Amino acid sequence: MSQHSVGQYGLGQHGPGQLGLGLLASDTVISGVTGIAGATEIPARATRPARTDAGETPASRALLGAVWDALRSRLRRSGGGKGNGGESKSGRRALTGSSGIGLGVAVLWFSLLVLIPLAAVVGTAGSGGVGPFVAALTNKQTLNAILLTSGISLLVTALNVVVGTLIAWVLVRDRFWGRSVLDVVIDIPFALPTVVAGLVLLSLYGDGSPLGIDIANTRWAVVFALAFVTLPFVVRAVQPVLEELDTDVEEAAGLLGASQPTIFVKVVLPSLVPAITSGAALSFARGISEYGSLVLLSGNLPNRTEVVSVRVLSHIENGDLVSASALATGMLIIAALAIFGLDVIRRKAARRDS
């Protein structure tokens, strides 16, 4: 910008009456130069160019001065592309003494609550060797429980992705009577004890249902119970992202003739994919581990409605800790694979969106 005159930007030949167009062009120039500042070191204390044209008006000189001052201000805030505050060029800060203590406490607490118990379960599962481990997982009743739990959890997760995203959209983009009440009701599965949730579902969908729907002791009971306890995960993951999205791009797409479905798929959805996958991972993990809401409604019928958590409990009650640990380890592997796959999708979507 310092190598060109005002007239070359289309500002020197126009009077104050056309400053609006000049401001728009100037803001575009600032945005482009500021974007380059992250890749090339531009002096934050650069001086204003002194070169002018004979046809330059006082209004255009004032406009150029405002543009240059704004550019310098942006470069100063961004540090001219250099790290500051002890940060390296990669944006990572050196670990201080207090940070090291905090990291140590976090790792210790995480180890006590998660890593050590998981290691104990895996160790118990492998204590009898590979043979007993495989036999415990391939038992017909156990295998049916694994397939039922994993399959319905996948189904419910897919349902939550669609319905949860829709609910989040309604809560953020629409204004209607009772919106705040719905926003609170969404969190009830988080606060309600799962056994109480099972009792509520049994009262609504069991024998003598006021709705005339009796799904107790069927696989539909497992679907309803898992859908109830996992619904808030996708909603609460997507809702804050929707609230932060700028609607200017959507409005611009609408002005260019794009339909609402096209705007959602091409503009909004790519920004929501990381949040949706995060909520889906939490939903699936909760689904395969659910117990309380299923005990009363599903009936725990072997090879029909018995889920993994109930099967693990039956092994523990029978004193077979090795089989219970083997089954828990198998579900841990399934959950880890599902979460890892969804995390890969989330990271790719985040990189594509950025």
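In this chain, residues are counted from 1 in sequence order. Since the model is a prediction, treat every value here as computed from it, not as a measurement.
Under the 4.5 Å side-chain heavy-atom criterion for grouping Ile, Leu, Val, Met, Phe, Trp and Tyr, Leu269 is connected to Val241 within one hydrophobic cluster. Residues Leu118 and Met331 are members of separate hydrophobic clusters, defined by side-chain heavy-atom contacts under 4.5 angstrom among Ile, Leu, Val, Met, Phe, Trp and Tyr. In this structure, Val229 is a member of the same hydrophobic cluster as Val156, with clusters built from ILVMFWY side-chain heavy atoms closer than 4.5 Å. When the side chains of ILVMFWY residues are joined at heavy-atom separations under 4.5 Å, either directly or via intervening members, Val238 and Ile186 end up in two distinct hydrophobic clusters. Placement of Val185 and Leu166 in two distinct hydrophobic clusters is found when ILVMFWY residues are connected by side-chain heavy-atom separations under 4.5 Å, directly or transitively.
Thr124 is not listed as a side-chain neighbour of Val121, based on a closest heavy-atom distance of 4.5 Å or more. Proximity of Leu201 to Phe228: side-chain heavy atoms (C-beta onward) are separated by under 4.5 Å at one or more points. Looking only at side-chain heavy atoms (C-beta outward), Leu182 and Phe176 come within less than 4.5 Å of each other. You'll find the side chain of Leu211 reaches within 4.5 Å of the side chain of Tyr205, heavy atoms only. Here the side chains of Val107 and Phe110 are not in contact, with every heavy-atom distance at 4.5 Å or above. Inter-residue side-chain proximity for Tyr291 and Val312 is flagged as unmet; no heavy-atom pair is nearer than 4.5 Å. Considering only heavy atoms from C-beta on, Leu159 stays 4.5 Å or farther from Leu231 through its side chain. Residues Ile167 and Val163 form a side-chain contact, since some pair of their non-hydrogen atoms from C-beta on lies under 4.5 Å apart.
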Q: Evaluate the side chain to side chain contact (heavy atoms under 4.5 Å, CB included) criterion for residues Thr138 and Leu143: first the C-alpha distance (whole Å), next the side-chain angles of each, then the deciding distance (0.1 Å), finally the verdict.
A: CA-CA 6 Å; Thr138 55; Leu143 190 59; 5.6 Å; no
(Q) Run the side chain to side chain contact (heavy atoms under 4.5 Å, CB included) test on Leu245 and Leu272 for me, step by step, so that the C-alpha distance in whole Å, both residues' side-chain angles and the decisive distance to 0.1 Å come before the verdict. (A) CA-CA 9 Å; Leu245 282 183; Leu272 298 182; 4.1 Å; yes
(Q) I'd like to know whether Asn300 forms a side chain to side chain contact (heavy atoms under 4.5 Å, CB included) with Val295, so could you lay out the CA-CA distance, the side-chain angles of the two residues, the decisive distance to 0.1 Å, and finally the verdict. (A) CA-CA 7 Å; Asn300 308 320; Val295 174; 4.1 Å; yes
(Q) For Ile146 and Ile334: C-alpha separation, side-chain torsions, deciding distance, then whether side chain to side chain contact (heavy atoms under 4.5 Å, CB included) applies. (A) CA-CA 10 Å; Ile146 293 175; Ile334 293 175; 4.0 Å; yes
Q: Could you go through the side chain to side chain donor-acceptor pair (under 3.5 Å) check for Arg311 and Thr142 one step at a time?
A: CA-CA 7 Å; Arg311 184 64 176 159; Thr142 300; 3.0 Å; yes
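When atom types are taken as modelled, the side chain of Ser309 and the backbone of Glu290 share a donor-acceptor pair closer than 3.5 angstrom. Side-chain atoms of Ser293 never come within 3.5 Å of backbone atoms of Ala197 as a donor-acceptor pair (strictly under, hydrogens ignored). Side-chain atoms of Thr149 come within 3.5 Å of backbone N or O of Val308 as a donor-acceptor pair. A donor-acceptor contact shorter than 3.5 Å links the side chain of Arg219 to the backbone of Arg304.
Among residues at least two apart or in separate chains, salt bridge (charged side-chain N to carboxylate O under 4.0 Å, His left out) pairs with a member in residues 230-251 are Arg173-Glu250, Asp183-Arg236, Asp187-Arg236.
For Phe340, the CZ atom sits in a loose shell: 12 or fewer heavy atoms of surrounding residues, nucleotides or ligands are nearer than 6.0 Å. Residue Asp207 places its CG atom among 12 or fewer non-hydrogen atoms of other residues, nucleotides or ligands, all under 6.0 Å distant. Taking a 6.0 Å sphere around CZ of Arg347, one finds it holds 12 or fewer heavy atoms contributed by other residues, nucleotides or ligands.
Ring pair Trp169/Phe264: centre-to-centre distance below 6.0 Å.
Between Leu337 atom CG and Leu332 atom CG the span is 9.5 Å, to the nearest 0.5 Å. Note: Leu108 CG to Leu113 CG = 9.5 Å, rounded to the nearest 0.5 Å. The line from CG of Leu342 to CZ of Phe284 is 8.5 Å long, rounded to the nearest 0.5 Å. Annotation: the span from Leu327 atom CG to Leu313 atom CG amounts to 11.5 Å, rounded to 0.5 Å. Separation of atoms CD1 (Ile288) and OG (Ser283) is listed at 10.5 Å; rounding is to 0.5 Å. Of the inter-residue distances, the one linking Ser271 atom OG with Ile276 atom CD1 reads 10.5 Å to the nearest 0.5 angstrom.
Nearest approach of Thr305 to Ser298, heavy atoms of both residues: OG1-O, 2.8 Å. The heavy-atom pair separating Gly129 from Pro132 by the smallest distance is O-CD, 3.6 Å. Across all their heavy atoms, Leu226 and Ser153 have their closest contact at CD1-OG, 3.9 Å. Counting all heavy atoms, side chain and backbone alike, Ala221 lies closest to Ile215 at CB-O, 3.3 Å. Across all non-hydrogen atoms, the minimal contact from Ser203 to Pro210 is O-CD, 3.2 Å. Counting all heavy atoms, side chain and backbone alike, Ala285 lies closest to Ile339 at CB-CD1, 4.3 Å.
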